[in-house]
Protein chains: 2
Amino acid sequence: MGDDTTEGGLPRAVAAAWGLLQTPQRGPARGLDHQRIAEAGVVIADRDGLAAVTMAAVARELGFTTMSLYRYVGSKDELLRLMQNAAVQIPDGLVLPASWPEGIRTWAEVVRRAYRARPWLMDLPRDQAAVLMPNTLRAAELGLATMDGLDLEDGEKIGIILLVSQHVMSLVELERSLAVEGGVSMTPEGLERLGTVVTAERFPRLAALISTGGFADPPPADPVGDDGEHGDDSEHGVGGAGGAGGAGGQDPADVEMEYTLGLDLITAGIDALIARRAAGPTASGSAGASGTG
Amino acid sequence: MGDDTTEGGLPRAVAAAWGLLQTPQRGPARGLDHQRIAEAGVVIADRDGLAAVTMAAVARELGFTTMSLYRYVGSKDELLRLMQNAAVQIPDGLVLPASWPEGIRTWAEVVRRAYRARPWLMDLPRDQAAVLMPNTLRAAELGLATMDGLDLEDGEKIGIILLVSQHVMSLVELERSLAVEGGVSMTPEGLERLGTVVTAERFPRLAALISTGGFADPPPADPVGDDGEHGDDSEHGVGGAGGAGGAGGQDPADVEMEYTLGLDLITAGIDALIARRAAGPTASGSAGASGTG
DNA sequence: ACCTGAACACCGTTCAAGT
DNA sequence: ACCTGAACACCGTTCAAGT
């Protein structure tokens with residue numbers, strides 16, 4: 001309905017990224033193209049944060065005026081989508097290990113590396129348009145390849161790489177928020193103030209975590225625990241550290257533990273699913289975990 | 001370092017939400033307070049989307065001028081944080097089922113209901129400040145309660161509710177993007193165009209999904225499959241449908257299947273972790289899945 | 001065909017001034 | 001103490017005009 005979609009219903013940014021748009025340059029062609037514009041945006045985002053990516057800033061980076069950009073990208077939104085594709089770097093000739101759990105771990109590491117290299121990717125919208133971009137599909141293809149021999153349906157495999165990539169992103173986000181890059185943050189005094197209100201009566205489980213310091217300082221040393229970071233770099237809509245989760249244990253080792261834990265749970269879950277399926281070829285639907293409690 | 005943090009290092013919005021700020025009204029008090037301001041913001045976001053939440057719009061909703069708001073909230077960012085807390089509704093007297101996997105499923109459903117009721121919550125930053133808000137902590141406390149008797153460390157429990165809430169959010173985001181609310185979208189022709197470039201040679205696994213229509217129309221019927229939606233409601237930074245995942249199978253039933261699958265994998269993973277622990281009380285570190293491939 | 005200047009309608013935020 | 005008017009520096013985007 002909008003104008004950011006081409007005839008076939010493909011989002012314009014998707015068509016552009018795949019080279020499906022008849023490029024407007026036919027004459028001298030000494031001008032711009034969306035590739036160069038997207039790359040300039042990436043440079044700015046890397047250097048000054050996503051909020052600094054302004055039509056004016058991108059144009060200045062390229063030595064053109066702001067309005068010239070509109071010859072090549074329909075809107076800032078389209079630019080951001082092109083940047084997303086340009087910024088995701090997926091290794092090309094990667095050989096996956098033979099064991100599938102190792103394969104999933106390897107793939108998770110690839111995804112993690114991509115997010116770590118460009119944390120602002122996590123502040124971009126991940127909707128259907130983002131999913132159809134070339135580099136996103138390359139990543140998805142690689143993810144599917146890790147489960148090649150397994151007795152899983154396509155939908156299940158997709159669900160799994162969705163779960164894994166979501167998990168990886170959430171922990172990169174968490175580790176980013178803990179990086180003490182330049183902000184003070186909760187002092188013991190602030191924690192105490194919080195403790196007066198997160199009482200053991202109302203929050204029996206969390207109060208313990210807060211009072212025992214599980215919420216604050218890295219083991220001993222450094223009394224200025226962690227950091228909320230919300231500087232001037234990212235606009236909004238992070239997408240990160242747990243819709244309703246807390247962060248218990250705030251040093252990098254704990255983040256690494258939770259990263260590994262999540263992958264272990266997922267692979268163990270797959271293992272159980274496959275085993276159950278191999279044992280009894282019943283229906284196909286979902287079959288909850290056995291239940292121990 | 002910024003001014004959006006109180007003495008103890010607590011983000012101002014956190015202190016305000018917990019009532020730790022000496023409220024500025026002492027006189028006639030016929031004016032505003034952050035609670036009313038946040039609620040007005042919620043009303044606007046519910047009605048017109050998050051992008052419509054402008055300082056001017058909020059003030060108008062309340063019958064005041066824009067600038068009066070700055071007496072009560074330090075910045076728009078602070079307002080958004082207060083809105084996040086005000087908008088999350090966690091049921092109060094909820095009794096959890098005895099079986100822990102059922103408990104986790106119940107908790108996931110609570111989280112899902114919260115996101116479904118206010119999808120714009122997913123476009124808000126989820127950083128440390130968000131995590132420390134009263135209603136976020138109430139949700140986390142409830143999540144921890146589902147694992148009360150289990151042989152898991154605190155960090156593990158937190159990792160699990162992080163994983164679950166992230167999964168739930170990602171699927172609500174996916175179902176939102178599929179809701180055909182007012183946009184056309186990829187026609188068969190658009191899919192064909194995409195197929196010319198997502199070739200079987202370069203994307204053997206995905207090409208199949210696209211050509212077999214696994215990417216488009218709900219089983220039979222309705223030839224206009226899905227929707228990318230990126231209207232004028234949400235600003236940016238969704239946080240949703242899979243950093244690198246695709247969406248294979250695009251009708252609501254498939255989304256439901258993936259929702260259930262994810263929870264099943266996680267609970268099965270917990271089951272395996274506990275069982276392994278009960279069997280051999282070895283060290284404590286991570287122990288990968290057995291590996292079947 | 002491509003680029004530019006000027007202008008528009010909006011942002012969030014500040015500050016001196018009113019009562 | 002609280003609210004307001006006027007103003008500032010910035011956005012994304014449009015459009016007529018230049019070459």
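Below, each value reflects all heavy atoms present in this structure, side chains not excepted, and no hydrogens, waters or symmetry copies. Chain letters run A, B, ... following the sequence lines, proteins first, then strands; residues in each count from 1. Just so you know, these numbers come straight off a predicted model, no measurement behind them.
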Side chain to side chain contact (heavy atoms under 4.5 Å, CB included) against B:V110, all qualifying residues, sequence neighbours excluded | B:I90, B:P91, B:L94
Kindly write out the residues that satisfy side chain to side chain contact (heavy atoms under 4.5 Å, CB included) with B:E189, not counting sequence neighbours, or none if the list is empty.
-> A:E7, B:T187
For A:R116, which residues count as a side-chain hydrogen bond (donor to acceptor under 3.5 Å, both in side chains) partner, sequence neighbours excluded?
-> A:E175
For B:E39, enumerate each residue passing the salt bridge (Lys or Arg N to Asp or Glu O under 4.0 Å) test, keeping only those at least two apart in sequence or located in another chain.
-> none
Which atom of A:A56 lies closest to which atom of A:T66, heavy atoms considered | CA-OG1, 3.5 Å
Would you tell me if any nitrogen or oxygen in the side chain of B:S68 comes within less than 4.0 Å of OP1 or OP2 on D:dC3?
-> no
Can you pull every protein N or O that's under 3.5 Å from an N or O on nucleotides 17-19 of chain C?
none

Would you say a side-chain N or O of B:Y72 is under 4.0 Å from OP1 or OP2 of D:dC2?
-> no
List the protein contact pattern of nucleotides 8-14 of chain D with one symbol per nucleotide (5' to 3'): B for base contact, S for sugar-phosphate-only contact, - for none; contact means a heavy-atom distance under 4.0 Å.
-> ---SSBB
Could I get the full list of side-chain hydrogen bond (donor to acceptor under 3.5 Å, both in side chains) partners for A:R138, not counting sequence neighbours?
-> A:D92, A:N135
Sequence neighbours left out, what passes side chain to side chain contact (heavy atoms under 4.5 Å, CB included) with A:A17? Give chain and number order.
-> A:L82, A:N85, A:M133, A:P134
Check: B:W18 side chain, B:L132 main-chain N or O, donor-acceptor pair, under 3.5 Å | yes
Report the residues that fulfil salt bridge (Lys or Arg N to Asp or Glu O under 4.0 Å) with B:R112, sequence neighbours left out, ordered by chain and then residue number.
-> B:E109, B:E256
Could you tell me the separation between the CG atom of A:D33 and the C1' atom of C:dC3, rounded to a whole number of Å?
-> 16 Å
Taking pairs as Watson-Crick (N1-N3 plus N6-O4 or O6-N4) or G-U wobble (N1-O2 and O6-N3), each distance under 3.5 Å, the stems of three or more consecutive pairs with DNA chain D are C:4-8 with D:12-16, C:12-16 with D:4-8
Please name all residues satisfying side chain to side chain contact (heavy atoms under 4.5 Å, CB included) with B:A57, sequence neighbours left out, ordered by chain then number.
-> B:I44, B:T54, B:R60
